[in-house]
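Worksheet for the structure shown next.
Just so it is clear, the model here is predicted, and its values are computed rather than measured. Every heavy atom of this structure was used, including side-chain atoms; hydrogens, water molecules and symmetry mates were not.
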Amino acid sequence: MVIILYIAALIAALAFAVLVIFIARTLTAVRRTMNNVADTLEGVEKQMEGMTLETTALLNKTNKLAEDVGEKSQKLNTLVDGIKGIGDTVQEFNQSIRTFSRGLQDSAHNHTDSAAQAMKWGQVALNLWKKAKKDDINQTGGRV
């Protein structure tokens, strides 16, 4: 019976040794995997540092661009306000011309008879002047 106990102990020892060997292999594979994961994470960390620097630079450039756009927008607003002022002035000038033109039309319409009479008197005066000039020419013998 002691032999059976020794054989059982030997089988248990062999089983334990096999178990230890398989656990050692598994742990070795796990260690390699963990090393690979660690290396990968280091690479990712370095890439993230680079991306962080680039992102910060891009953010700074974007902020400067936004400020520049804001300044130019303000200048453009000033220009648009100036152009609006010019447009208002031109519109007021056009309105003044329209008012003046309407006034002239109304005045001409209201004074049509006076204007016709003035034209007749002007024609009479012109005829008298021509006649006087002709008489002067005839008296001087064609010399002026």
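By the criterion of side-chain heavy atoms lying less than 4.5 angstrom apart, applied directly or through intervening Ile, Leu, Val, Met, Phe, Trp or Tyr residues, Leu19 is grouped together with Leu27 in one hydrophobic cluster. Both Val44 and Met51 belong to a single network of hydrophobic side chains, linked directly or stepwise wherever heavy atoms of I, L, V, M, F, W or Y lie under 4.5 Å apart.
Here the straight-line distance linking atom CG of Leu79 with atom CD1 of Ile83 works out to 4.0 Å at 0.5 Å rounding. Taken to the nearest 0.5 Å, the CG atom of Leu58 stands 9.5 Å off from the CG atom of Asn63. Rounding to the nearest 0.5 Å gives a distance of 11.0 Å between CG of Leu65 and NZ of Lys61. Annotation: the span from Thr26 atom OG1 to Ile21 atom CD1 amounts to 11.5 Å, rounded to 0.5 Å. Here OG1 of Thr55 is found 11.0 Å from CG of Asn60. Values are rounded to the nearest 0.5 Å.
A salt bridge does not link Asp135 with Lys131: every distance from a Lys NZ or Arg NE/NH1/NH2 to an Asp or Glu carboxylate oxygen is 4.0 Å or more.
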Begin from the C-alpha positions of Leu10 and Tyr6 and carry the test side chain to side chain contact (heavy atoms under 4.5 Å, CB included) through to its verdict.
CA-CA 6 Å; Leu10 182 63; Tyr6 285 127; over 6 Å; no

One pair to check against salt bridge (Lys or Arg N to Asp or Glu O under 4.0 Å): Asp68 and Lys72. What are the steps and the verdict?
CA-CA 6 Å; Asp68 188 42; Lys72 288 182 177 165; 3.1 Å; yes

Step-by-step side chain to side chain contact (heavy atoms under 4.5 Å, CB included) determination, Leu53 to Glu49
CA-CA 6 Å; Leu53 293 175; Glu49 286 175 7; 5.7 Å; no

For the pair Gln95 and Arg98, evaluate side chain to side chain contact (heavy atoms under 4.5 Å, CB included) and give the outcome as yes or no after the intermediate values.
CA-CA 5 Å; Gln95 186 63 34; Arg98 283 188 196 111; 3.6 Å; yes

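The side-chain contact (heavy atoms from CB on, under 4.5 Å) test with Val124 singles out one residue from Leu128, Leu126, Asn127, and that residue is Leu128.
Put simply, the side chain of Thr52 gets close to the backbone of Met48: a donor and an acceptor are under 3.5 Å apart. At least one donor-acceptor pair under 3.5 Å links the side chain of Ser96 to the backbone N or O of Glu92.
Annotation for Gln91: atom CD does not count as buried by contact number, only 12 or fewer foreign heavy atoms lying within 6.0 Å. Counting heavy-atom neighbours within 6.0 Å of Leu41 CG, excluding the residue itself, gives a total above 12.
Phe16 is listed as a side-chain neighbour of Val20, based on a closest heavy-atom distance under 4.5 Å.
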